[in-house]
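Presented below is the structure to which this report refers.
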Amino acid sequence: MSVRYRPLPASFFDRRAETVARELLGCFLVSDSAEGRCAGCIVETEAYPGPHDPASHAARSVGRTARNDPMFGPPGTVYIHLNYGVHWCLNAVVGREDHPAAVLIRAVEPVEGLELMRLRRPGRRDRELTNGPGKLTKAMGIGPALQRLRLTAGPPLFIALGEVVPAGAAVRAQRVGISKGAEAEWRFYDRRSPWVSRRDRRVDGA
DNA sequence: TAAAGGATTTTCT
DNA sequence: GAAAATCCTTTAC
């Protein structure tokens, strides 16, 4: 069975990081490769609203560097970074061009291409294929070759509108105690999904 | 189920 | 040279 997805418009990403992070819940992340298509329903995100956030790769103290340069691109740009020297993580750049803000995709629920995901992450149970930012990129074949791509342009990597996650199911949580600037980081997740990586307490309505 | 520690390499100070 | 937007294994309860 093949589902037809329509990429989200740039206007979707041209808003506050927290708004985009909340509304990405329920949307579909679609990744094509020579091996086939993988798609997943986004169930966990994290907002990096701008330079005032000390935890952001583009924090004021850091400025614009070769690494975070894609974050200064137009809304809908792909920003991929290597974390802890091991894991590739996928972000959607949000807000106006030259304002470095992004939303980290932290977890998805497999919708299409499950067999391909199993091949890419052998020996894992299905719920462990994509329940983390570094896991989902490996399962879906997402890497640095896709840097600066436009998520609004369709294949090979884009995000499509999905079902709206009801307010009662969406959790807005504040990440605490991770690093010095962590107070500024906001996470969102769908509490109904087994694929969520971190289930922190709700700190606000979402 | 939860907590703790090692892995591994890029980036910036 | 230290820290990092994490993952995985081990250990304990």
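Throughout, a chain's letter reflects where its sequence line sits, starting with A, and its residues are numbered from 1.
A donor-acceptor pair under 3.5 Å is absent between the side-chain atoms of A:Asp32 and the main chain of A:Pro155, judged by distance alone.
Looking at A:Leu129 and A:Leu136, their side chains never come closer than 4.5 Å, going by heavy atoms from C-beta outward. For the pair A:Glu23 and A:Phe188, the minimum side-chain heavy-atom distance is 4.5 Å or more. Annotation: side chain of A:Ser197 is not in contact with side chain of A:Lys135 (no heavy-atom distance under 4.5 Å). Side-chain contact check for A:Val62 versus A:His57: every heavy-atom pair is 4.5 Å or farther apart. Using a 4.5 Å heavy-atom cutoff, the side chains of A:Leu151 and A:Thr77 are not in contact.
In this structure, A:Leu104 atom CG and C:dA4 atom C1' are separated by 13 Å, rounded to whole Å. In this structure, CD of A:Glu44 is placed 14 Å from C1' of C:dC7, rounded to the nearest angstrom. Rounding to whole angstrom units, CH2 of residue A:Trp186 and C1' of C:dA5 are separated by 17 Å. Rounded to whole Å, the distance from CG on A:Asn68 to P on C:dA4 is 16 Å. Across the protein-nucleic acid pair, A:Glu46 atom CD and C:dA4 atom P stand 14 Å apart, rounded to whole Å. Taking atom CD1 of A:Ile105 as the reference point, atom C1' of C:dA5 lies 12 Å away to the nearest angstrom. Atom CG in A:Asp53 sits about 13 Å away from atom P in C:dA4, given to the nearest Å.
Contacts between residues 135-146 of chain A and DNA chain B, counted as heavy-atom distances below 4.0 Å, involve no residue at all. Across residues 74-84 of chain A, A:Tyr79, A:His81, A:Asn83, A:Tyr84 each have a non-hydrogen atom less than 4.0 Å from an atom of DNA chain C (numbered order). Contacts between residues 85-103 of chain A and DNA chain C, defined by a heavy-atom separation below 4.0 Å, involve A:His87, A:Asn91, listed by number.
A salt bridge does not link A:Asp126 to A:Arg121: none of the charged nitrogens lies less than 4.0 Å from a carboxylate oxygen. Using a 4.0 Å cut-off between a side-chain N of Lys or Arg and a carboxylate O of Asp or Glu, A:Glu44 and A:Arg187 qualify as a salt bridge.
For the salt bridge (charged side-chain N to carboxylate O under 4.0 Å, His left out) condition, no pair includes a residue of residues 74-86 of chain A, sequence neighbours left out. Residue pairs meeting the side-chain hydrogen bond (donor to acceptor under 3.5 Å, both in side chains) criterion with at least one member in residues 136-161 of chain A, sequence neighbours excluded: A:Asp69-A:Arg148.
Here A:Thr65 lies in heavy-atom contact (under 4.0 Å) with sugar-phosphate atoms only. If you check every strand for non-hydrogen atoms under 4.0 Å, A:Ser61 touches sugar and phosphate atoms only. Counting any heavy atom pair closer than 4.0 Å across all strands shown, A:Arg121 reaches sugar-phosphate atoms only and no base atom.
Every residue two or more places apart in sequence or in another chain that forms a salt bridge (charged side-chain N to carboxylate O under 4.0 Å, His left out) with A:Arg120 is listed here: A:Glu35. Scanning for side chain to side chain donor-acceptor pair (under 3.5 Å) contacts around A:Asn83 gives an empty result, with sequence neighbours left out. Legend: residues meeting side-chain contact (heavy atoms from CB on, under 4.5 Å) with A:Arg127, ordered by chain and number and at least two apart, are A:Pro194, A:Trp195. Every residue two or more places apart in sequence or in another chain that forms a salt bridge (charged side-chain N to carboxylate O under 4.0 Å, His left out) with A:Arg16 is listed here: A:Glu18. By the salt bridge (charged side-chain N to carboxylate O under 4.0 Å, His left out) test, A:Arg192 pairs with A:Asp190, sequence neighbours left out.
Cation-pi geometry between A:Arg198 and A:Tyr189 is not met: the NZ or CZ atom fails to fall both under 6.0 Å from the ring centre and inside 45° of the normal.
Remark: A:Arg125 is not in phosphate contact with C:dC8, judged by side-chain N or O atoms under 4.0 Å from OP1 or OP2. Side-chain nitrogen and oxygen atoms of A:Arg187 include none within less than 4.0 Å of the OP1 or OP2 phosphate oxygen of C:dA5.
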Set out, in order, the CA-CA distance, both residues' side-chain angles and the distance that settles side-chain hydrogen bond (donor to acceptor under 3.5 Å, both in side chains) for A:Thr45 and A:Arg106, then state yes or no. CA-CA 5 Å; A:Thr45 59; A:Arg106 291 190 50 90; over 6 Å; no
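Where pairing requires Watson-Crick or G-U contacts shorter than 3.5 Å, the helical stems of DNA chain C with at least three consecutive pairs are B:1-7 with C:6-12, B:9-12 with C:1-4.
Here chain A contacts DNA chain B (any atom closer than 4.0 Å to a heavy atom, that is under 4.0 Å), and the contacts span B:dT8 to B:dT13 from 5' to 3'.
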